[in-house]
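Note sheet for the following structure.
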Amino acid sequence: MIALSPIFIISLTIIVLLILLVFLKINTKTCALITICGLGCALACAITIGYNISSSTQMITNISNDNMQMSDNSDSDASTQDAALSNEKTIAVDAVPTETGASSNENSVNSQVDTKTENNNTEINTNSGANTNTEANTNINSETNTHSETSTNNEPSTNINTETGTNTVTNANTEASTPAESNANTDATTMTVDSNKNDINPQTDSSEEYWKARQITALFTCDGYGLLYTSLILIIAITVSSLAYRWFVEEHLPHGLFYVILLFMTLGGITLVYASHLIALFIGIELLSIPFVGLIGYQYIQTHSLEAAVKYMILSAVASAFLLMGIAFYYASTGELTFSGLSYQLSTMSYPSNLLLMGVCLILVGIGFKLSLVPFQLWLPDVYQGAPTVVALLLSTVGKVALFCAIARLFLLAPIVNNETIRMILVMMAFLSILWGNLVALMQTSLKRLLAYSSIAHFGYLLIALISVQYQVLALETIGVYLIGYILANICILGVISLESHSNELQDHENEVDLSGLFWRRPILALTMGIGLLSLAGVPLTAGFVGRFLLVLLGVTAELWWLIAAVVIGSALGLYFYARLIINLYIRPTYRDDQLLNNPVIKLKWQDIKTSELIIGLSALLILICGIYPKWLFNLVSMAQYLTT
């Protein structure tokens, strides 16, 4: 059960934090440290498990791609034997043979293949009849459980050594003479391995089996795909924990409950990423959505906070009802709830029933609300504006990334988009989301509302990957690269707004006026925020450009021309309002900070750079590195393979 160690560690952290809050009344700083330590341990476990699983999967893939040929020494034509010998590679498997007796039950193989040809055009003529003067000795040694030996003498010069057990190895040394005095010496090996028996190296195979991607009960799947996004969710949670402490620092009140709710939300996100069952999917969505209600309305003294919490709670409950009804219809028509079972049922079904189509449509309604896709997007800007900035960061990243990864796993396994009706619904949702999000974002002055509409457009872009999911390798790579760039950009932008705000204020500094001239006050934060905005706009040399390029490539491959046109138009519109925000950061202020007006020289105070600033700066640096040299990002995403069965 080590595969579920991130879930266990977070659950243990929640229990420890609750006990300390109830009995010891620990302060906010201690709660933040315990939360970060627990999340850090879970992240270390996820990275370790994911690396070992990906390395094991890659090793198996490399072995399967090797061009290995085993020769079969049966009676065949001379020309066939020559062709096989000329193309055969030399393979050496070193092991020590053991005798199986009453005190030993181990099986081992000692085989050696040595193919030697003196001339490329050597012909071996074998004459089994008369008129040949050959003297040969045949020695046949057979080792069985009784360890008996038999010796015979025949004419062909053959030496055969056979072990009867799970493995059968034949070593043949053939020596023949022709009138033209052409000699050929051939050593060949034929290994026949029973797959249901013991392996050649039990220790190596047991370690490979231990780190193999597997299904944990019927509810969860542990593979490289899930562990990659688990690591991303944990990184976001650590970032939010650090930013939240800075946000609460001027308010001398205990806020341990915030970190408990944050841990529950992280647990729900990881459950979603691990889910391979529709019930696990629903539980993960609810475990993710319910804590968000508490986080959105946590700082209820702020303007619009309670309004945003009530809106999210009511609409989330309605969307969950649609989702649950869709799952019920799905089960009634297929009789399966696991993703792999659904894949089998849908692939063998000649024509989907109306009940199945209704179930899929209801599931799309619930998913459309959670991902805020058109026409289920009206709640998002109000919730973004009313929620604290750190919670808005969670909503835009964990709240959407976890669900999108779970749905991508479902679409990869179950051929849902093969149905033309479902495909057209998804195409219309993507097209309208891209255009609506970018057009309405042009008219916003609040940065959080602008990012809310921008989020609608970005997940409209990502729907292209779901629609084109039949191109599995390219679709998975596109989803991974785009989501990583999107997460890093949101950390840069919303992290800066959070550092500029405090919990004892009625509203965060989210308007363009509040961020005007930020470069002259905090130049490093202005630079990181500008890089994040450029990445969201898809400017070259940023991670956002690489993700956008892969989306266009995938759309062209799948021939989704209308969606490609929407991406181009949306990118042009997005470039305008993102550039407007970047210019606003570098405008010299005319009515704020009189000290800056009198002393225009920028002074960097390194003592002001703390953990939160380092995380934001590192995110901006990664955006540039991924944009300039994206190969390592491709390698990271390609290692995250999903389990197909």
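What you see is a predicted model, and the numbers here were worked out from it, not measured in a lab.
Considering only residues two or more places apart in sequence or on other chains, T389 meets the side chain to side chain donor-acceptor pair (under 3.5 Å) condition with D508. With sequence neighbours excluded, the residues satisfying side chain to side chain donor-acceptor pair (under 3.5 Å) with Y486 are S455. Every residue two or more places apart in sequence or in another chain that forms a side chain to side chain contact (heavy atoms under 4.5 Å, CB included) with S231 is listed here: L43, A46, I47. Here S446 pairs with E510 under the side chain to side chain donor-acceptor pair (under 3.5 Å) rule; sequence neighbours left out. Evaluation of the side chain to side chain contact (heavy atoms under 4.5 Å, CB included) rule for M325 yields F329, L362 as partners, not counting sequence neighbours. Legend: residues meeting side chain to side chain donor-acceptor pair (under 3.5 Å) with T542, ordered by chain and number and at least two apart, are absent. For K370, there are no salt bridge (charged side-chain N to carboxylate O under 4.0 Å, His left out) partners, not counting sequence neighbours. Judged as a side chain to side chain contact (heavy atoms under 4.5 Å, CB included), and not counting sequence neighbours, the contacts of A457 are N438. With sequence neighbours excluded, the residues satisfying side chain to side chain contact (heavy atoms under 4.5 Å, CB included) with E286 are F282, I290, S320.
Salt-bridge check for D382 with K448: failed, with every basic side-chain N at 4.0 Å or more from each acidic carboxylate O.
For the salt bridge (Lys or Arg N to Asp or Glu O under 4.0 Å) condition, no pair includes a residue of residues 423-444, sequence neighbours left out. A salt bridge (Lys or Arg N to Asp or Glu O under 4.0 Å) check over residues 314-343, counting only residues at least two apart or in different chains, returns nothing. Annotation: salt bridge (Lys or Arg N to Asp or Glu O under 4.0 Å) contacts involving residues 468-495, sequence neighbours excluded, are absent.
Classification of the Y578-H458 ring pair by plane angle, with boundaries at 30° and 60°, yields tilted.
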Side chain to side chain contact (heavy atoms under 4.5 Å, CB included) assessment of I363 paired with F322: CA-CA 7 Å; I363 291 176; F322 277 100; over 6 Å; no
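Here the options are L551, L633, L476, the test is side-chain contact (heavy atoms from CB on, under 4.5 Å), and the partner is V481; only L633 passes.
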